[in-house]
Amino acid sequence: MSAVQSPVPVADGAYKKRRRRRKTGKNVHEAEAEVEVEVEVATNGIKRQNKKTKFCDDDEESEKEHRVSEEHTDVNEEAGDVFGNDLGKDVIKNASDGIKDSKGKKENVTGHIKSSSKRHQPKVVSLDSDDDDEGDFFNPKNVVSKSQLQARAQALLDIRQDLPIYQHKDEILRHVNENSVTVIIGETGSGKSTQIPQFLMDGVSNDKRQIAVTQPRRVAAATLAKRVSEEHGCQLGQEVGYQVRFSNITSAKTKLKYLTDGMLLREIMIDKNLSKYSTVIIDEAHERTVLTDLVMGFLKQLLATTRKKDLKVIVMSATLNAKLFSEFFNNAPVLFIEGRMFGVDNYYLTESTDDIVDTMIRAVVQINNGEPRGDILCFLPGQEEIDNAVATLTSISSQLPREAPLIVACPLYAALSPQQQLRIFDKLPENKRKVILATNIAETSITVSGVKYVVDSGLRKVKVWRHQLGLSTLLTTPISKASAKQRAGRAGREAAGGKCFRLYLESTFNESLPLQQESEILRNDVIYPVLTLKKLGVDDLLNWTWLEYPGKESILLALNVLYSLGALNDQGKVTSVGEKMAMLPLPPQLSVVLLTAIENGVLAPVLEIIGCLSVDNLILNVNGELRDEVNLKRRQFCPLGTQWGDLILMWEYYQVFKENKLRNWCKEMFFSYKGFKNVERVIHQLKQYVRNITDNNSGDKTDIGDDEDNETTQLSNNTKDIPMILKSFLKGFITNVAVGMPDRSYRTLNHGDLISVHPSSTLFGKPNVDAIMYIEYVYTSKGYARTCSSIELSWVQEVAPHILGASRTSLHQ
DNA sequence: GAGCACTGC
């Protein structure tokens with residue numbers, strides 16, 4: 001069975017052009033003109049084509065003008081003329097495809113926000129530099145004088161006042177004042193994330209409480225806080241600050257705080273009433289991360305009870321989902337704000353193909369030969385496709401027509417080292433054109449400047465949790481319309497004339513792409529959410545205020561897992577172990593490991609291994625000729641890891657790093673220096689949590705030796721007790737054991753399924769061991785166990801006596 | 001026998 005579906009049949013580089021037209025506020029239904037579009041194809045064997053296509057006004061990507069009714073007027077889509085003109089109908093359709101579905105249903109739509117000419121674009125700062133040794137993204141070191149700050153703020157004020165949103169300050173404030181929940185829909189570039197919080201801050205200067213603005217990503221929280229502090233004319237961390245994991249740049253003076261939604265959830269666990277906040281703004285709600293969903297569920301609950309009168313909630317989202325949010329918060333009013341994106345023309349294939357990389361390359365070559373200057377951003381599903389495309393483009397670039405710019409292909413995905421990632425920001429000479437081949441990382445997380453052309457495969461990889469099977473699979477699937485739009489928008493950030501080439505049929509876009517991606521809470525297991533709810537005393541999980549109900553099966557599975565981990569008792573109440581697990585900033589399984597390690601007296605090494613597991617892309621992949629050489633060099637540091645597998649291997653690497661902390665050593669070994677620095681921060685943070693936990697248990701004190709010269713006997717005595725370290729892990733990953741079979745395969749202990757050691761494991765390619773324990777199971781082309789350790793089967797019985805007997809039968813089938 | 005998308009505490 002192939003995991004890769006190719007839903008977007010693609011042809012060899014022939015595009016149908018579809019002009020997108022900017023609306024002017026006149027009758028938008030006026031024109032259906034025909035234009036001749038010439039598409040010149042220059043690769044070998046591809047014909048030159050002339051295509052006639054429609055010039056139509058079904059405007060998905062271009063700037064929109066949202067006209068809306070007087071406040072609280074019910075808008076019926078069928079009755080567009082409540083607006084007094086044809087626009088009304090279109091506004092609703094554009095404003096939210098969700099609303100489009102609800103024919104005849106009522107919507108509260110308020111506000112009218114117009115456009116103006118200049119654009120607002122906060123400076124993009126690369127935070128991924130390998131030189132960043134500091135824990136904080138931004139931390140003001142050199143204090144600037146008050147007058148300098150104010151001069152800067154005054155300069156920025158001109159830009160701010162030119163934003164469309166600025167003209168509607170009073171209107172926005174009025175709606176927020178009159179409603180406990182307001183939904184604000186705004187496109188990229190509308191300035192909603194920077195301006196609305198400031199409006200509120202100016203409006204409630206006598207309130208001692210804070211305004212919180214949540215973001216799904218840490219970098220976004222930090223970047224926004226920095227920008228807004230400048231606009232506000234203060235030092236970052238004074239009136240305006242931010243708080244994310246590992247950095248809290250706030251002070252007693254802070255009125256406006258940007259934070260990640262995970263951070264706010266943590267604050268909810270400490271103070272259910274969020275009493276220090278007057279207003280909570282949920283930004284980027286359309287991304288529908290698990291954490292954002294949970295926060296919204298809690299806010300709804302809070303508004304229904306204790307904070308009914310004095311808490312203001314604002315949900316901010318891109319154009320989709322207005323209906324979902326509005327209905328969830330008891331038909332809260334919806335405000336629309338116009339964005340500042342330039343129009344992007346979309347092109348589609350006229351014929352389908354099954355080789356996405358090949359088609360991508362043809363498209364790039366075609367653009368390079370025929371289109372004016374401007375970088376090309378390509379979206380591909382994964383690393384493999386990107387590496388292939390980069391290799392091909394690099395090899396053919398010298399054979400391209402001399403008059404065309406020279407193609408410089410740059411890969412971009414998370415597993416690349418920071419240095420490699422930074423290549424996308426290089427300035428190139430006139431005669432070269434940058435072609436960035438990226439995963440989804442370029443859709444939201446990394447913004448590249450200079451992009452004028454986007455080539456979109458229409459695919460992405462998604463991790464899908466199958467609760468029936470209890471495992472996750474990594475699937476290549478079609479993106480959603482919302483995603484397609486977001487990707488296309490990357491060509492319209494800086495100038496007009498951007499183009500997006502979609503490597504699928506227009507009918508595929510219209511008819512088969514889903515409106516938006518399935519939310520994360522439906523795709524993932526809900527072990528962490530369920531534990532969080534239990535910790536907060538929610539007993540009736542099935543009837544909790546879920547923004548989207550994850551399903552009974554999924555919840556029951558989570559309850560089962562939590563029960564077997566000891567987090568819940570027979571009655572489904574959270575145990576003292578469960579309480580601790582909920583507070584630890586770790587996945588529940590790793591929390592169990594950590595707590596077990598305390599009992600087993602192997603806390604120090606286990607903490608270090610958990611630290612390594614918590615950091616992504618620590619040990620980088622090496623491709624090509626270097627691979628064997630690097631593997632050989634790495635091996636000299638890990639005599640134990642070679643024998644015991646990946647967990648111990650990581651630990652040995654970390655020991656070497658800890659000794660000298662050499663940047664060059666990391667570079668040579670293809671380890672991420674920055675990653676190891678992050679491991680240190682995780683360990684440091686976890687030690688603080690462990691100290692809190694053990695302090696609360698009087699008499700059961702564990703010295704965790706936070707600093708080097710304070711290492712106690714408990715730490716140093718047992719560090720080489722590998723079996724005890726691995727047994728601690730086994731406690732949390734007892735379900736992830738596979739037994740070595742005589743035919744060199746492995747079969748899982750609980751179901752007897754076939755499983756393979758992932759090629760990235762040190763155990764890969766070695767003779768079978770007695771049994772393996774793995775941290776993660778992924779199904780791609782087949783079932784793979786990642787991060788494997790060699791264990792003895794007898795340990796399973798030792799750690800969890802009930803497991804082995806029960807599963808014998810399935811093994812011998 | 002040969003390969004993982006992206007976040008968050």
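Every chain is numbered from 1, with letters handed out A, B, ... down the list of sequences.
D261(A) comes within contact range of no nucleotide atom at all, as no heavy-atom separation falls under 4.0 Å. Residue R744(A) is in base contact, counting any heavy-atom pair closer than 4.0 Å across all strands shown. Counting non-hydrogen atoms under 4.0 angstrom, Q685(A) reaches nothing in the nucleic acid. Counting non-hydrogen atoms under 4.0 angstrom, R288(A) reaches nothing in the nucleic acid. Residue-level contact check: R266(A) touches the bases, meaning some heavy atom is under 4.0 Å from a base atom. Within 4.0 Å (heavy atoms only), V290(A) reaches no atom of the nucleic acid at all. Among the atoms of the strands shown, base atoms are found under 4.0 Å from some heavy atom of L586(A). Within 4.0 Å (heavy atoms only), T444(A) reaches no atom of the nucleic acid at all.
Distance from the side chain of K463(A) is smallest for dA5(B) among the nucleotides dT7(B), dG8(B), dA5(B). Checked against dC9(B), dA5(B), dG3(B), the side chain of L474(A) finds its nearest nucleotide in dA5(B). For R217(A), the listed nucleotide lying nearest its side chain is dG8(B); candidates were dA5(B), dG3(B), dG8(B). For F764(A), the listed nucleotide lying nearest its side chain is dG1(B); candidates were dC6(B), dG1(B), dC9(B). Across dC9(B), dG1(B), dT7(B), the shortest atom-to-atom separation from the side chain of V244(A) is found for dC9(B). Ranking dC9(B), dT7(B), dA2(B) by closeness to the M263(A) side chain, first place goes to dC9(B).
If you measure from atom OH of Y779(A) to atom P of dA2(B), you get 13 Å, rounded to the nearest angstrom. If you measure from atom CD of E284(A) to atom C1' of dC6(B), you get 15 Å, rounded to the nearest angstrom. Rounded to whole Å, atom P of dC9(B) lies 18 Å from atom CD1 of I693(A). If you take CD of E385(A) and P of dG3(B), they are 12 Å apart, rounded to a whole angstrom. What separates CG of L437(A) from P of dA5(B) is a distance of 14 Å, to the nearest Å. For the pair K766(A) NZ and dG1(B) C1', the interatomic distance rounds to 15 Å; values are reported in whole Å. Look at CG on D387(A): it is 14 Å from P on dG3(B), rounded to the nearest Å. Between N617(A) atom CG and dA5(B) atom P the separation is 10 Å, expressed in whole Å.
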Q: Please report the C-alpha distance between T447(A) and R493(A) in whole Å, then the side-chain angles of each, then the deciding distance to 0.1 Å, and finally whether the side chain to side chain contact (heavy atoms under 4.5 Å, CB included) criterion is met.
A: CA-CA 10 Å; T447(A) 307; R493(A) 292 186 68 85; 3.4 Å; yes
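Distances shown here put a side-chain N or O of S781(A) below 4.0 Å from the OP1 or OP2 atom of dG3(B). Contact annotation: Y784(A) side-chain N/O to dG3(B) OP1/OP2 distance is under 4.0 Å. Between T260(A) and dC9(B), a side-chain N or O to OP1/OP2 separation shorter than 4.0 Å is present. Residue T439(A) has a polar side-chain atom (N or O) positioned under 4.0 Å from OP1 or OP2 of dC6(B). When the side-chain nitrogen and oxygen atoms of Q383(A) are compared with OP1 and OP2 of dG3(B), none of them lie within a distance under 4.0 Å. Considering only side-chain N and O atoms, R218(A) lies under 4.0 angstrom from the phosphate OP1 or OP2 of dC9(B).
Side-chain atoms of E267(A) and Y277(A) include a donor-acceptor pair closer than 3.5 Å. At a cut-off of 3.5 Å, with distance as the only test, no side-chain donor of Q517(A) or R523(A) sits close to an acceptor on the other residue. Checking D387(A) against Y413(A) by side-chain atom types alone, a donor-acceptor pair falls below 3.5 Å.
Residues S614(A) and P381(A) both approach DNA chain B. Their nearest nucleotides, taken by heavy-atom distance, put P381(A) toward the 5′ side. Of the residues near DNA chain B, E776(A) and G765(A), the one whose nearest nucleotide (by heavy atom distance) lies more toward the 5' end is G765(A).
Residues passing the salt bridge (charged side-chain N to carboxylate O under 4.0 Å, His left out) test with D283(A), sequence neighbours excluded: none. Judged as a ring-ring contact (aromatic ring centres under 6.0 Å, His included), and not counting sequence neighbours, the contacts of F298(A) are W544(A).
Two rings, from F671(A) and Y653(A), have their centers less than 6.0 Å apart.
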